[in-house]
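Notes to accompany the following structure.
Lettering of chains follows the sequences in order, A, B, ..., and the numbering in each one begins at 1. Since the model is a prediction, treat every value here as computed from it, not as a measurement.
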Amino acid sequence: MKKLKASYYQRSDVVEIARDLLGKLVITKWEGQLTAGRIVETEAYRGITDRASHAFGAKRTARTEVMYATGGIAYVYLCYGLHHLCNVVTGTRDEPHAVLLRGIEPVEGLTIMSKRTGKGKDDKTIGAGPGNLSRALGISLAHNGHSLLGDSFYIAEDGFLLPEKNIMATPRIGVDYAGEDASLPYRFIIHNNPWISKKNAFLPIKND
DNA sequence: CGACCGATCGTCT
DNA sequence: GACGATCGGTCGA
């Protein structure tokens, strides 16, 4: 099992990173509670020119400042007052790229995930969708700006092989406000993976 | 099935 | 004071 290193996150193409993160493991160890899930769904938010991104137009606020840091940390923010959405910051300093983690398949700590979410261990929605994913892994606003290079919160490669043909790109979810950018194929899913919510499962526009 | 709606609060105007 | 990169429940066809 190999932890992804700084150079992985600091590459310039956030769309490529979002695609490549499929099949990797997200691991959290909070106070001795180990949980891990395989990434089955991501979305890329591409710098200051992406109308769907919080950093569109080089917008810098207290909240978005984390996105401008060097790649390899988490950008967590509160959505609708109740959901903590977890992004992976990528690129170099002052390049505000981010990958939203939207779905995991549980791999470790299912009992803990079940307790955190209040869902049954066989419930396929336990890590489906960005809000559920964060709940299952115990990620909250408290982890905004947290390093992904340490031992408590990181992403790793475990040799799992994901065939290219199983990767599908679709438009992103819930970004209708982004105009033409709303239709960009920046959402990546593992085709037919049961841990993606049914609502979001099929919107294919590209498959190669 | 799909459409709709309420929850709930940090952030920005 | 308005508004979400959501979720889960309800209602009607």
Side-chain angles (χ1 to χ4, degrees), chain A residues 14-15 17-19 21-22 26 37 39-69 71 73-91 95-106 113-146 148 168-189 194-203 205:
Chain A
V14 67
V15 179
I17 296 173
R19 179 191 182 88
L21 280 173
L22 290 180
V26 200
I39 301 172
V40 299
E41 178 176 350
T42 63
E43 275 177 6
Y45 285 84
R46 196 162 174 274
I48 64 175
T49 59
D50 181 355
R51 302 188 99 86
S53 173
H54 292 161
F56 173 67
K59 186 178 186 185
R60 290 185 97 120
T61 65
R63 182 178 66 156
T64 65
E65 199 57 33
V66 177
M67 299 180 77
Y68 289 83
I73 63 174
Y75 165 45
V76 185
Y77 73 95
L78 191 64
C79 187
Y80 293 100
L82 28 148
H83 304 292
H84 300 255
L85 273 55
C86 178
N87 293 256
V88 172
V89 174
T90 71
E95 266 181 13
H97 300 300
V99 176
L100 174 65
L101 301 181
R102 292 191 54 94
I104 52 163
E105 171 175 345
M113 292 185 188
S114 178
K115 184 176 283 184
R116 284 175 180 156
T117 61
K119 293 168 182 280
K121 292 184 179 182
D122 55 348
D123 190 333
K124 295 289 186 293
T125 70
I126 200 163
N132 288 330
L133 178 150
S134 291
R135 256 199 295 170
L137 294 173
I139 298 168
S140 73
L141 267 190
H143 305 109
N144 187 31
H146 198 289
L148 298 175
M168 182 161 292
T170 83
R172 291 170 292 186
I173 305 294
V175 297
D176 297 341
Y177 58 85
E180 297 189 355
D181 290 348
S183 58
L184 291 171
Y186 285 179
R187 170 170 172 259
F188 297 96
I189 59 176
W195 301 89
I196 295 169
S197 68
K198 291 231 160 56
K199 182 179 70 171
N200 298 338
F202 296 106
L203 293 168
I205 63 170

In whole angstroms, how far is the [atom2] atom of [N] from the [atom1] atom of [X]?
| X | N | atom1 | atom2 | answer |
| --- | --- | --- | --- | --- |
| Asn144(A) | dG10(B) | CG | P | 13 Å |
| Tyr75(A) | dT11(B) | OH | C1' | 10 Å |
| Ile196(A) | dT6(C) | CD1 | P | 15 Å |
| Leu141(A) | dA5(C) | CG | P | 14 Å |
| Leu101(A) | dA5(C) | CG | P | 16 Å |
| Ile189(A) | dA5(C) | CD1 | P | 21 Å |
| Arg63(A) | dT13(B) | CZ | P | 10 Å |
| His84(A) | dA7(B) | NE2 | P | 18 Å |

Taking the side chain as everything from C-beta on, heavy atoms only, tell me whether [X] gets closer than 4.5 Å to [Y].
| X | Y | answer |
| --- | --- | --- |
| Tyr186(A) | Val14(A) | no |
| Pro96(A) | Ile48(A) | yes |
| Phe56(A) | Thr49(A) | no |
| Trp195(A) | Glu41(A) | no |
| Ile73(A) | Val66(A) | yes |

Residue met sooner reading DNA chain B from 5', once Leu82(A) and Ala62(A) are mapped to nucleotides: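 Result of the comparison: Leu82(A).
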
For [X] against [Y], the heavy-atom pair lying closest together:
| X | Y | value |
| --- | --- | --- |
| Ser53(A) | Met67(A) | OG-CE, 3.7 Å |
| Ile104(A) | Val40(A) | N-CG2, 3.9 Å |
| Leu137(A) | Gly37(A) | CD2-N, 4.5 Å |

Of the options [options], whose atoms approach the side-chain atoms of [X] most closely?
| X | options | answer |
| --- | --- | --- |
| Ile173(A) | dC7(C), dT11(B), dT6(C) | dT6(C) |
| Lys59(A) | dT13(B), dA5(C), dT6(C) | dT13(B) |
| Leu78(A) | dA5(C), dT11(B), dG10(B) | dG10(B) |
| Asn132(A) | dC7(C), dA5(C), dT11(B) | dC7(C) |

[atom1] spacing across the pair [N] / [M], given as an integer number of angstrom:
| N | M | atom1 | value |
| --- | --- | --- | --- |
| dC5(B) | dA13(C) | P | 15 Å |
| dT13(B) | dA5(C) | P | 14 Å |
| dT10(C) | dT8(B) | P | 16 Å |

Looking for any heavy atom pair under 4.0 Å, which part of the strands does [X] touch: base, sugar-phosphate only, or nothing?
| X | value |
| --- | --- |
| Arg172(A) | nothing |
| Leu100(A) | base |
| Leu85(A) | sugar-phosphate |

With distance as the sole test, does Ser114(A) use its side chain to make a donor-acceptor pair with the main-chain N or O of Lys119(A) at under 3.5 Å?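 Yes; judged by distance alone, with no hydrogens or angles, the pair exists.
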
Short side-chain N/O contact from [X] to OP1 or OP2 of [N], under 4.0 Å:
| X | N | value |
| --- | --- | --- |
| Arg60(A) | dT11(B) | no |
| Tyr77(A) | dT11(B) | no |
| His54(A) | dA5(C) | yes |

Secondary-structure notation, DNA chain B, from Watson-Crick and G-U pairs under 3.5 angstrom (| other strand): |||||||.||||.

Would Tyr45(A) count as stacking on dA5(C) if stacking means ring centres less than 5.5 angstrom apart and planes tilted under 30 degrees?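 Taking the rule of under 5.5 Å and under 30°, the ring of Tyr45(A) does stack on dA5(C).
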
What residues from residues 119-128 of chain A pass a heavy-atom cutoff of under 4.0 Å to DNA chain C?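 Per residue number, the list reads Lys119(A), Ala128(A).
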
Flag if over 12 foreign heavy atoms under 6.0 Å of CZ, Arg51(A):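 Atom CZ in Arg51(A) is not crowded, with 12 or fewer foreign heavy atoms closer than 6.0 Å.
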
Verify the neighbour count for atom CZ of Arg172(A): are there more than 12 heavy atoms of other residues, nucleotides or ligands below 6.0 Å?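 Atom CZ in Arg172(A) is crowded, with more than 12 foreign heavy atoms closer than 6.0 Å.
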
